[in-house]
Amino acid sequence: MAAWGVAPAFLVNAASFAVSAVALAGLRLPRPPAPLAAGRWRQQLIDGARLLTHVPLLRLLAVTQLLAALSAGATSALLVVLAGRRLGVGPDGFGLLLAAIGVGAAIGPLLLARLTSNPRRPALVFGPYLLRGLVDLVLGATRSLPVALGALTAYGVGTSTGMVAYSALLQAEVAAEARGWVFAGFDLLWQAGRLASLALGGIAADTLGVQAVYRLGGALLLLAGTVGLAGLPHAVRHTQA
């Protein structure tokens, strides 16, 4: 952006959606199910909500998802404030910070594919929460741009590997007919948590400072990872039973 302005960034983003559309056009989908009878969708919505609250594995994942969302909304939105106030960089430096996240996110799944054939292990599902929590604590403490770039690269690795492991666990443990409702429920939790985080994060930044927001965000992610690692083996056993 510093060299060419903002237009190329939007053009590249538009091109990425076009490439995604071409890739998805090659999918061969199974025959769609028959339309739901009148009122049946309401019962399925209720059944989906019950799954998230009554199945131990899904309940655990929902709790950790919400804790992570309460962290991610504020810290993502306030990265530009952190860049200016703490790191003392302008738009070019902020662009580098975002690029570091992107580089890490691209590296993460490649590392995961090379290191393991079973991404559903507890350390791979919830370890990324701990990594991202530590990154937030580093960002709240440092004034060094190189340190922040390294931390955000690690954040990108944790985000992408965590998404792969999380989705793989759900795909393996949730019955096919319930996956749509389960994924929709988790997305609702994620977006609601991020929205609350954006509102609360702005208030916290004004009253406590942007450093405090990153410390609180890091604490929430560390809590999510700890709760998940402690509870996942027990939750999987009860779900399978």
Side-chain angles (χ1 to χ4, degrees), residues 1-2 6 9 52 59-105 108 125-163 166 185-231:
M1 285 189 286
V6 298
L52 296 186
R59 186 168 60 242
L60 175 66
L61 293 176
V63 169
T64 56
Q65 176 93 315
L66 185 58
L67 288 171
L70 289 172
S71 167
T75 54
S76 297
L78 291 171
L79 183 59
V80 64
V81 178
L82 184 81
R85 293 183 183 177
R86 290 285 298 172
L87 302 177
V89 299
D92 53 346
F94 179 63
L96 289 175
L97 294 173
L98 295 181
I101 299 174
V103 169
V125 176
F126 295 107
Y129 287 137
L130 301 177
L131 175 60
R132 290 160 55 193
L134 292 174
V135 168
D136 279 350
L137 295 181
V138 170
L139 292 175
T142 189
R143 289 184 177 273
S144 168
L145 179 60
V147 171
L149 290 173
L152 287 172
T153 302
Y155 188 93
V157 171
T159 298
S160 58
T161 55
M163 287 177 62
Y166 198 91
F186 278 113
D187 191 56
L188 176 62
L189 280 175
W190 177 256
Q191 299 301 341
R194 279 177 56 87
L195 182 62
S197 179
L198 287 168
L200 296 173
I203 296 172
D206 284 341
T207 56
L208 303 174
V210 69
Q211 288 175 268
V213 174
Y214 277 85
R215 293 189 186 114
L216 291 171
L220 285 170
L221 286 167
L222 292 175
L223 178 60
T226 302
V227 168
L229 287 172

remark   = Rounded to the nearest 0.5 angstrom, the CZ-CG distance for R143 and L82 is 9.5 Å
note = d(F126 CZ, T226 OG1) to nearest 0.5 Å is 11.0 Å
inquiry  = Taking the side chain as everything from C-beta on, heavy atoms only, tell me whether L221 gets closer than 4.5 Å to L130.
reply    = no
ask   = So, for V213 and T75, which heavy atoms are closest and what is the spacing to 0.1 Å?
value = O-CG2, 4.2 Å
query = Are side-chain heavy atoms of V135 and L139 found at a separation under 4.5 Å?
reply = yes
inquiry  = Has S71 got a side-chain atom pairing as donor or acceptor with L67's backbone, closer than 3.5 angstrom?
reply    = no
task = Indicate the atoms forming the closest heavy-atom contact of A72 with W190, along with that distance.
result = CB-CH2, 3.8 Å
inquiry  = If I compare all heavy atoms of G193 with all of L66, which pair ends up nearest, and what's the gap?
reply    = CA-CD1, 4.0 Å
key: Which atom of D136 lies closest to which atom of G217, heavy atoms considered   = OD2-C, 3.8 Å
query = What's the shortest heavy-atom distance between T142 and L87, and which atoms?
reply = O-CD2, 3.9 Å
request  = Could you tell me the separation between the CG atom of L220 and the CZ atom of R132, rounded to the nearest 0.5 Å?
outcome  = 11.5 Å
ask   = Y214 side chain to L79 main-chain N or O, any donor-acceptor pair under 3.5 Å?
value = yes
note = Between L208 and A212 the two heavy atoms that sit nearest each other are CB-CB, 3.6 Å
query = Do L145 and L97 come close enough that some side-chain heavy atom pair is under 4.5 Å?
reply = yes
message = Checking Y166 now: which residues fulfil ring-ring contact (aromatic ring centres under 6.0 Å, His included) with it, not counting sequence neighbours?
response = F186
request  = Can you sort out the partners of Q211 under side chain to side chain donor-acceptor pair (under 3.5 Å), two or more places apart, ordered by chain and number?
outcome  = R86
Expected list for residues 196-205: side-chain donor-acceptor pairs under 3.5 angstrom, two or more places apart:
{"unit_1": "S197", "atom_1": "OG", "unit_2": "L70", "atom_2": "O", "d": "2.6"}
{"unit_1": "S197", "atom_1": "OG", "unit_2": "A74", "atom_2": "N", "d": "2.7"}

request  = State, yes or no, whether a side-chain contact exists between L222 and L137 at a heavy-atom distance under 4.5 Å.
outcome  = yes
